[in-house]
> 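Before I ask anything, here is the structure I am working with.
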Amino acid sequence: MPMFGLADVNSFYASCEALFRPDLRGKSIVVLSNNDGCVIARNAGAKALGIKMGVPWFQIKNHSYREKVHVFSSNYALYHSLSQRVMIALEEITPRVEQYSIDEMFLDLTGIDSCEDFEHFGRRLREHVLNTVGLPIGVGIGQTKTLAKSAQWASKEWKQFHGVLALTPDNPKRTTTLLENQPVEEIWGVGRKIGKRLNLMGIKNALQLAQSNPRFVRDNFSVVLERTVRELNGESCIPFEELPSSKQQIICSRSFGERITSKEAMRQALCQYAVRAAEKLRGEHQFCRHIGIFIRTSPHAVNEVYYGNSAGEKLVLPTHDTRDIIEVVMRSLERIWLDGRRYMKAGVALDDFTPNGVTQLSLFDEHKPREKSAQLMNALDGINQSGLGDVWFAGQGVNTAWKMKREMLSPAWTTCWNDIPIARIK
DNA sequence: TCTGGGGTCCTAGGACCC
DNA sequence: TCTGGGGTCCTAGGACCC
């Protein structure tokens, strides 16, 4: 019988910010989204102050608790590197780990119980990560991914579990009690919309959903929710996936630090996103056959008519060449750009991948692939990843006002030599 | 004045085919 | 009065995740 674990770092971004700042132990911390837009992470202290997830920063920055809370811009270089460390620490103890998100890993714990009690294992894991990386994790264990998620949720919700909870078939009463106490919107796979609809039908907790007829759920909702019902009953439908699956789509988009009003600035921004998207594409060892862009003004602005539009092209030849991607992006912008708008956000999306650039060329095909494209892109990526130099495309521009706002950024403690933490002994 | 970014999967509907 | 049916492919949009 399969058994799944879920390890989740507590208040991940906030915990990362505290890791190299011993002076912040026990203080309230929040982390803001890109552009210092809204709150995307809070530690226990910040939650206790009543700071809600997702609130816009400008709404609370003059609040009376402002003095008590330490605020940070998102520092993804730091979070990614610490996420890797957690992953490595988990792999030292668990044979198979699936990285599910930046702060969550599924664990294949099948058969572990032949030598160790599940909860004992979970506690050992927790201590190991705390000792080697310094970050606190919670561990949930169950017969399906959904049950492991529910267990992890409960391990946070009730203090007596101390961050580790196992739902095992030999104690069905425990599972029933947990599900009875879990509101339906807290189940993995049930969001706000479906949660509301379920509530209207009188299905308010996870146990009620688990006891619903799967056929009824499929007909009235979807096969996705039917799967959730089955998973809540211990029937594993979502498999463990150790190898990261290859991407179907790559998106690079940002809100601007300042509104963009000139086409030239928009060209620079899109050019930069195109360069980054192309790098990611090559990192995936893929070629794309579709390139798209979108631009939009702020949907929140009063006294302004909202404008949002997208455009793109299907390619005859798959590409991973930055020059091709920039070309299409610029042509697409010509088709949807409108003067006189204050643009807030734009992005580049690559789609429809194939593992190589070679397709059957017809004898009379006018479209010829670029010569030496792969070598040039290789050289470019090599230089930019070496840390020794920086090569960029003329269209990208330098140091412009629309660039992301990050006024409260912490140092890149783990990824930049200049920022390495220094310990002083008194 | 100020509201994240990056993904996945599924479904419905239209175009087209025989 | 009559106006098939079934299949595929594509796209847009909606739901979800963190």
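Just the heavy atoms: all of them, side chains too, but no hydrogens, waters or symmetry mates, feed the values below. Letters A, B, ... are given to chains in the order of the sequence lines, protein chains preceding strands, and every chain is numbered from 1.
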> Ring-plane angle category for A:Trp158 and A:Trp153, please: parallel below 30°, perpendicular beyond 60°, tilted otherwise.
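Rings of A:Trp158 and A:Trp153: perpendicular, as their planes differ by over 60°.
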
> Has A:Lys345 got a side-chain N or O lying under 4.0 Å from the OP1 or OP2 atom of B:dG5?
yes

> If each of A:Arg254 and A:Phe58 is mapped to the nucleotide of DNA chain B with the nearest heavy atom, which maps nearer the 5' terminus, i.e. the 5' end?
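Nearest-nucleotide comparison on DNA chain B picks A:Phe58.
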
> Classify the nucleic acid contact of A:Tyr100 as base, sugar-phosphate or nothing, counting any heavy atom under 4.0 Å across all strands shown.
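Sugar-phosphate contact only.
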
> Atom CZ of A:Phe256 and atom P of B:dC2: how far apart are they, to the nearest Å?
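Rounded to whole Å, this separation is 14 Å.
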
> Could you tell me whether A:Ile102 contacts a base, only the sugar-phosphate backbone, or nothing, with contacts defined as non-hydrogen atoms closer than 4.0 Å?
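Nothing: the residue A:Ile102, judged by heavy atoms under 4.0 Å, touches no strand.
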
> At what distance, to the nearest 0.5 angstrom, does CD1 of A:Ile325 lie from CZ of A:Arg276?
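So the gap between those two atoms works out to 13.0 Å.
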
> Using atom OH of A:Tyr273 as one end and atom P of B:dG4 as the other, report the distance to the nearest whole Å.
13 Å

> Taking the six-membered ring where the residue is Trp, are the ring centres of A:Tyr13 and A:Tyr79 under 6.0 Å apart?
yes

> Roughly how many Å apart are C:dC18 and B:dT3, using the P atom of each and rounding to a whole number?
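B:dT3 and C:dC18 have their P atoms separated by 24 Å.
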
> Can you tell me if the side-chain N/O atoms of A:Ser253 get under 4.0 Å from OP1 or OP2 in B:dG6?
yes

> Side-chain N or O of A:Lys149 versus OP1/OP2 of C:dC18: is the shortest distance under 4.0 Å?
yes

> Determine the contact category for A:Asp36: base if any of its heavy atoms lies under 4.0 Å from a base atom, sugar-phosphate if only primed atoms, P, OP1 or OP2 are that close, otherwise nothing.
nothing

> Can you figure out which of B:dG4, C:dC18, C:dT11 approaches the side chain of A:Ser101 most closely?
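So the side chain of A:Ser101 is nearest to C:dC18.
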
> Cation-pi check for A:Phe221 against A:Arg197: NZ or CZ below 6.0 Å from the six-membered ring centre and within 45 degrees of the axis, yes or no?
yes

> Would you say A:Trp337 and A:Asp339 make side-chain contact, with heavy atoms under 4.5 Å?
yes

> Hey, does the side chain of A:Lys280 come within less than 4.0 Å of B:dG7's phosphate (OP1/OP2), counting only N and O?
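For B:dG7, OP1 or OP2 has a side-chain N or O of A:Lys280 closer than 4.0 Å.
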
> In whole Å, I'd like the distance from the CZ atom of A:Phe294 to the C1' atom of B:dG7.
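Nearest whole value for this atom pair: 13 Å.
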
> Within this structure, what is the OH-to-P distance between A:Tyr306 and B:dT3, rounded to whole angstrom?
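Checked: the OH to P distance equals 13 Å.
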
> Is A:Asp381 reaching over with its side chain to a backbone N or O of A:Glu279, donor-acceptor style, under 3.5 angstrom?
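No; zero donor-acceptor contacts below 3.5 Å.
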
> Going by atom types alone, do A:Ser255 and A:Asn35 pair a side-chain donor with an acceptor below 3.5 Å?
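Looking only at side-chain atoms, A:Asn35 and A:Ser255 do not form any donor-acceptor pair under 3.5 Å.
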
> From the set B:dT8, B:dG6, B:dG4, return the single nucleotide nearest to any side-chain atom of A:Gln249.
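Of B:dT8, B:dG6, B:dG4, B:dT8 is nearest to the side chain of A:Gln249.
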
> Is any side-chain N or O of A:Arg259 closer than 4.0 Å to OP1 or OP2 of B:dT1?
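A:Arg259 to B:dT1 OP1/OP2: no side-chain N or O under 4.0 Å.
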
> Heavy atoms from C-beta onward define the side chain here; which of B:dT8, C:dC16, C:dC18 lies closest to that of A:Gln248?
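Closest nucleotide to the A:Gln248 side chain: B:dT8.
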
> Let's test this: given Watson-Crick or G-U wobble pairing with both distances under 3.5 Å, identify the partner of B:dG13.
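C:dC10 - that is the nucleotide pairing with B:dG13, both distances being under 3.5 Å.
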
> Over how many whole Å does the gap from A:Tyr13 atom OH to B:dG4 atom P extend?
14 Å

> Hey, does the side chain of A:Arg227 come within less than 4.0 Å of B:dC9's phosphate (OP1/OP2), counting only N and O?
no

> Need one value for A:Lys405: base, sugar-phosphate or nothing, where a base atom within 4.0 Å counts as base even if backbone is also close, heavy atoms only.
nothing

> What is the distance, to the nearest angstrom, from the CG atom on A:Leu350 to the P atom on B:dT8?
12 Å

> Does B:dG5 have OP1 or OP2 under 4.0 Å away from a side-chain N or O of A:Ser255?
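The answer is yes; a side-chain N or O of A:Ser255 sits under 4.0 Å from OP1 or OP2.
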
> Please tell me which of the listed nucleotides, C:dC18, B:dG7, B:dC10, lies nearest to the side chain of A:Val224?
B:dC10

> When you match A:Arg218 and A:Gly54 each to their closest nucleotide on DNA chain B, which lands nearer the 5' end?
A:Gly54

> How is A:Lys247 classified with respect to the nucleic acid when contacts are heavy atoms under 4.0 Å: base, sugar-phosphate, or nothing?
sugar-phosphate

> Base, sugar-phosphate alone, or nothing: which one does A:Val190 contact when heavy atoms must sit under 4.0 Å apart?
sugar-phosphate

> Base, sugar-phosphate, or nothing: which does A:Ile250 touch, judged by heavy atoms less than 4.0 Å apart?
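It contacts sugar-phosphate atoms only.
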
> Any chance the rings of A:Trp188 and A:Phe106 have centres within less than 6.0 Å?
yes

> Which nucleotide wins on minimum distance to the side chain of A:Asn34, given the candidates B:dG5, B:dT3, B:dC10?
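The closest nucleotide is B:dG5.
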
> Report the distance from atom OH of A:Tyr76 to atom C1' of B:dG7, rounded to the nearest whole Å.
13 Å

> Among B:dG7, B:dG4, B:dT11, find the nucleotide with the atom closest to the side chain of A:Ile251.
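Nearest listed nucleotide: B:dG7.
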
> Please report, rounded to the nearest Å, how far the C1' atom of B:dG6 is from the CD1 atom of A:Ile40.
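Roughly 12 Å, once rounded to whole Å.
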
> When all nucleic acid strands are considered with a 4.0 Å heavy-atom cut-off, which category describes A:Gln59: base, sugar-phosphate, or nothing?
nothing

> Classify A:Ile187 by what it touches in the nucleic acid, base, sugar-phosphate, or nothing, heavy-atom distance under 4.0 Å.
sugar-phosphate

> Reckon A:Trp188 touches a base, only the sugar-phosphate, or nothing at all at heavy-atom distances under 4.0 Å?
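Answer is sugar-phosphate: A:Trp188 comes under 4.0 Å of backbone atoms only.
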
